[in-house]
Every structure is written in C-alpha cells, then in structure tokens.
Amino acid sequence: MTNGVSVGAKPGSYKTIVYVICSVAALGGLLFGLDQGFIANSLETIEQHYHFGVHGGESYSAILATGGIVGALLSGLFARFLGRKKSLLFAGFIFTAASAVSALLPPLPVLSACRFVLGFGVGVASFVVPLYLAETAPASIRGSMGTLFQLMITIGIFLIAVTNVFIARTFPNPTASLPLMFLTITLFAALMFIGGFILPESPRWLMLKGRKEQAVTVLRRTLNTEQEINLEIEEIERALHGPQGAGISIVTRGYFFKVLLVGVLLQMFQQLVGINMMIYYSPTIFGYAGMKGLLAAMTVPTVNMLFTFPAIHLVEKWGRKKLLYVGAVAMLITMIAAGVAFQSIGATTDPTMISGTAKNVLLASAVLYIFGFAVSWGPVAWIVCSEIFPLEGREVGMTITTMVNWTFAGLVMANALSFMQAHGNASIFFVFAAFCVFAIIFVALFVPETKGITLEEMEFNLKNGVRLRNLGDRSSALTGGPRPAPSARH
Ligand code: BGC
C-alpha cells in the first residue's frame with residue numbers, strides 16, 4: 001500500500017465507491033425514464049381525476065419538455081458554478097419535491113407546475129449525469145456509460161409502465177391510485193438525492209477550481225494505484241491547459257456552426273420520427289384501434305427496453321451510421337404500415353367492427369418501429385452529439401442540441417393526439433414516415449461515421465475543412481499538418 005492506496009490492483013477491479021458512483025448517477029437516467037414514461041399508463045387515471053380532455057392531457061404531458069429545455073439551458077451554468085455533485089443533489093431534490101407535491105393531488109395549475117419542475121430536473125440531470133460520469137468514473141468504463149444512460153432511460157420507462165398498470169388495476173379509484181403513481185417516482189428520486197451525498201465531487205471540476213489536493217483525495221477513493229492517480233492528474237492538467245470552454249460566440253465560427261447543424265438536425269429527427277408519440281400515447285392509440293389491456297399497455301416499453309441492449313454492442317460493431325439507416329428504414333416501413341392499418345380502421349373504435357388483420361398489422365408495426373428506434377436513433381443521436389464537438393465548444397454544442405431535442409419532443413407531445421383528431425388517425429403516421437425519409441437523406445449527406453476515430457482526430461479534420469460526412473475518416477486525419485493535443489473524452 002502507498003498512501004493508503006493499493007499498488008498493483010487487478011486491472012478491471014474497481015473500488016466499491018465506483019459502483020456507488022455509477023448507480024447513483026444511473027438513477028438520474030432512471031428518473032428521466034420514469035418521468036418520460038409516466039404519462040402512457042397514467043393518462044386515463046389523471047383524466048378521471050382532473051377531467052382535462054385531449055388538449056389538456058397533451059399540455060400536461062408536454063410541459064415536461066418545456067421544463068427540460070430550461071433545465072438543459074441552465075445546466076451548464078449549474079455544473080460550472082455549483083459543481084457537478086451539488087447539481088446532481090439539486091436535481092435529486094427537485095425530483096423528490098415535485099413528485100411528492102404531485103402526490104397530494106393539488107389543483108391542476110400546481111400539478112402542471114410540478115411537471116414543469118420535473119422536466120427541469122430531467123434537463124439538468126441529462127446534462128450533468130453523463131458529464132459527471134465521464135469526469136469521475138475510471139477511463140476504462142467511461143465509454144459504456146453513454147449507453148448505460150440510455151439503457152437506464154428505457155428501464156425507467158418500462159418500470160413506470162409496470163408499476164402504473166399494477167397500481168391502476170389494484171386501486172381503481174384515482175384518488176388512491178394517482179398518489180401512489182407519483183410516489184413511485186418520489187421513492188427513486190429520494191434514493192438519488194440521499195445517495196448523492198456520498199458521491200465525491202468530480203476531480204476535473206475541483207482542478208478547474210484550483211483545488212488540486214481535494215482532487216487527489218477524490219482520485220485516491222476511486223482509483224487503485226498511485227500511478228493511475230498521477231496519470232489522471234496529468235491528463236486533467238493537460239486538458240486544462242488546452243482550449244477552454246468557449247462562450248456562446250463560438251457558434252459564429254464556421255467550423256463549429258457546421259458541426260452544430262449536424263447535432264441539431266440529428267436531435268430534431270430523433271424526435272420527428274415520432275418516438276414520443278409512441279412512448280406517451282401508445283395505449284391511447286391502441287385504444288383507438290379497439291385494443292386494450294396488457295398488450296396495449298406494455299408492448300412499447302418492453303420492446304424499447306429489450307432492444308436497447310443489442311445497441312450497446314452494435315454501436316461499436318456496425319458503427320453509428322449503419323444503425324441510423326437500419327433504424328430509419330424500419331421506422332419508415334412500419335409508420336406506413338400503421339398508417340394503412342388505421343386507414344382501413346377508419347374512425348370506429350368499436351373492437352367488434354375492427355378486423356383482426358388491421359389490429360395485428362398495427363401491433364407488429366409498433367413492435368418493429370420501437371425496435372428500429374431503440375437499436376439506433378435512441379442511443380446513437382446522443383452518442384454522436386457527445387462526440388462531434390471540438391472540446392472548447394462541447395458544452396455549448398451539447399446544451400444547444402439537448403434543447404433542440406426537448407423542443408421537438410414537446411412539439412410532438414403537445415400535438416400528436418389533436419393532429420390525429422383533426423386529420424384522421426392515419427394522418428400522423430404518414431407525416432412521421434415522411435420525416436424518416438428526410439432523416440435517411442440527412443444521414444447519407446451530412447452525418448460522419450464516428451466509430452473508431454479519436455475525438456482529437458475528428459477535431460483535427462473539422463478544423464482542416466474536411467467535409468462533414470468524412471469527418472470520421474482516419475485517412476484524412478493522418479495526412480497534413482500538426483495534430484491537436486489529446487483531450488479528455490466526454
Ligand atoms: C429520447 C427520448 C425518448 C427515449 C425513449 C431517448 O433517446 O431522447 O425522447 O423518450 O429515448 O427510449
């Protein structure tokens with residue numbers, strides 16, 4: 001032992017605190033999912049208590065996204081000035097408070113304000129959790145953390161579907177069931193809040209604030225050997241002497257603007273292919289086709305979670321672009337199929353009047369559609385956005401692209417059902433199918449393959465005017481002038 005630190009610990013063995021760090025931070029992803037998936041199987045119960053109709057339901061659902069936009073906008077400031085740990089504690093606290101107040105079934109404006117606050121917490125957590133993990137977890141597990149976050153979101157969506165269905169069936173009275181549904185969120189939020197106290201602060205943030213001794217103390221808790229600690233300190237110091245986080249003015253630099261556009265469009269399409277219509281309203285939509293019960297309630301969240309697992313492996317094996325194509329084509333075909341099924345169903349919701357074929361096509365389409373999203377656009381949009389920005393503009397780039405994601409998510413949540421009411425149930429599926437086509441064209445023309453290239457090589461390509469879709473080519477990076485200094489990978 002040296003300074004209380006074991007020398008020569010087995011590679012790949014981590015201290016308990018590392019698991020605590022990953023679990024508490026993963027709870028941030030879980031809460032994202034719990035809030036995102038909450039609506040699907042609680043909408044009917046909320047409607048029974050609050051009687052807000054289709055438009056009211058959409059507004060209540062979508063206000064989460066408005067909170068998410070504001071949270072994402074301010075999260076960079078929180079992370080920088082409060083520190084990563086306090087920002088996580090803050091997110092845990094507001095998740096706990098807002099869901100606990102909702103459980104009291106307050107008047108609708110207060111309930112909506114609580115959902116806004118929950119969205120705010122999700123916005124902060126979706127920025128700070130990956131940042132904290134990237135900065136604090138040992139390097140060898142940093143890569144898998146990005147996918148872990150998405151996996152936790154889908155587990156959260158699944159978990160809340162199970163608990164909400166169970167609660168609604170066990171307690172038919174909304175004044176009993178609704179508080180329990182909200183308290184499920186409170187339970188996990190409180191775990192994140194309390195667990196947050198034992199988290200160490202991010203060593204990178206401590207170094208940024210000139211508190212090297214404290215940073216070393218934290219690294220002693222997380223790393224095994226003095227050698228690892230010294231290497232980490234050197235890496236952080238090198239990164240701190242490299243280009244620093246630029247302000248918003250960086251968007252006016254040509255090279256940054258180009259890559260920002262890729263991130264913005266990627267996040268826009270991630271939402272405009274219609275995922276949150278399915279996540280939020282699939283039980284309602286299945287209901288329009290005369291399907292009720294467990295199948296309608298559980299199909300989407302279950303498939304969504306299960307097919308995020310293969311994505312973890314495929315994203316490195318096949319690469320990002322191939323997955324984006326496969327996903328978009330699957331979603332295109334199934335959106336058209338679902339639209340055609342709804343056309344044959346027409347406006348009737350009487351189950352006895354609806355053909356078995358139409359129902360089966362709809363169900364199969366939903367399964368394949370969710371498969372298409374979960375295995376590709378779900379994780380890949382976030383991964384690519386964390387990879388394409390040069391270090392000095394990564395915070396600005398990720399803040400803007402996250403806000404774009406929430407903006408379009410909100411648009412879909414706020415309009416999907418009323419669009420179906422106004423233009424016929426089939427219409428919206430064709431709209432989303434059209435966006436799948438645009439998404440495919442966009443991927444082909446502008447998205448770089450970021451698999452297997454270091455962030456520094458890509459940055460070098462970007463600043464040397466390489467075309468957007470070739471940014472990930474190693475051959476371009478290897479030719480030509482001086483290479484940028486390596487930087488920390490977020
Ligand atoms: C999206 C969310 C969506 C979730 C579904 C995420 O990648 O950003 O809007 O609800 O995937 O799993």
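Just so you know, ligand 1 is whichever comes first in the structure, and atom 1 is the first atom listed for that ligand. FYI, side chains are in, hydrogens and waters are out, and symmetry mates aren't considered; it's all heavy atoms of this structure.
- Around atom OH of Tyr50, more than 12 heavy atoms belonging to other residues, nucleotides or ligands sit under 6.0 Å away.
- Applying the side-chain hydrogen bond (donor to acceptor under 3.5 Å, both in side chains) test between Gln267 and each of Thr407, Asn405, Thr401 identifies Asn405 as the sole match.
- Between Phe95 and Phe193, the gap from one ring centroid to the other reaches at least 6.0 Å.
- Atom CZ of Phe166 has 12 or fewer heavy atoms from other residues, nucleotides or ligands within 6.0 Å.
- Aromatic pair Phe269/Phe438: ring centres not closer than 6.0 Å.
- Between Phe78 and Phe127, the gap from one ring centroid to the other reaches at least 6.0 Å.
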Under a 3.5 Å threshold, I'd like every N/O contact between ligand 1 and protein atoms, with atom names and distance.
from, atom 1, to, atom 2, distance (Å)
ligand 1, 7 (O), Gln150, OE1, 3.0
ligand 1, 7 (O), Gln150, NE2, 3.3
ligand 1, 7 (O), Gln270, NE2, 2.9
ligand 1, 7 (O), Gly378, O, 3.3
ligand 1, 7 (O), Trp382, NE1, 3.0
ligand 1, 8 (O), Gln270, OE1, 3.0
ligand 1, 8 (O), Trp382, NE1, 3.3
ligand 1, 9 (O), Gln36, NE2, 3.1
ligand 1, 9 (O), Gln271, NE2, 2.9
ligand 1, 9 (O), Asn276, ND2, 2.8
ligand 1, 10 (O), Gln36, NE2, 3.0
ligand 1, 10 (O), Asn276, OD1, 2.7
ligand 1, 11 (O), Gln150, NE2, 3.3
ligand 1, 12 (O), Asn304, ND2, 3.0

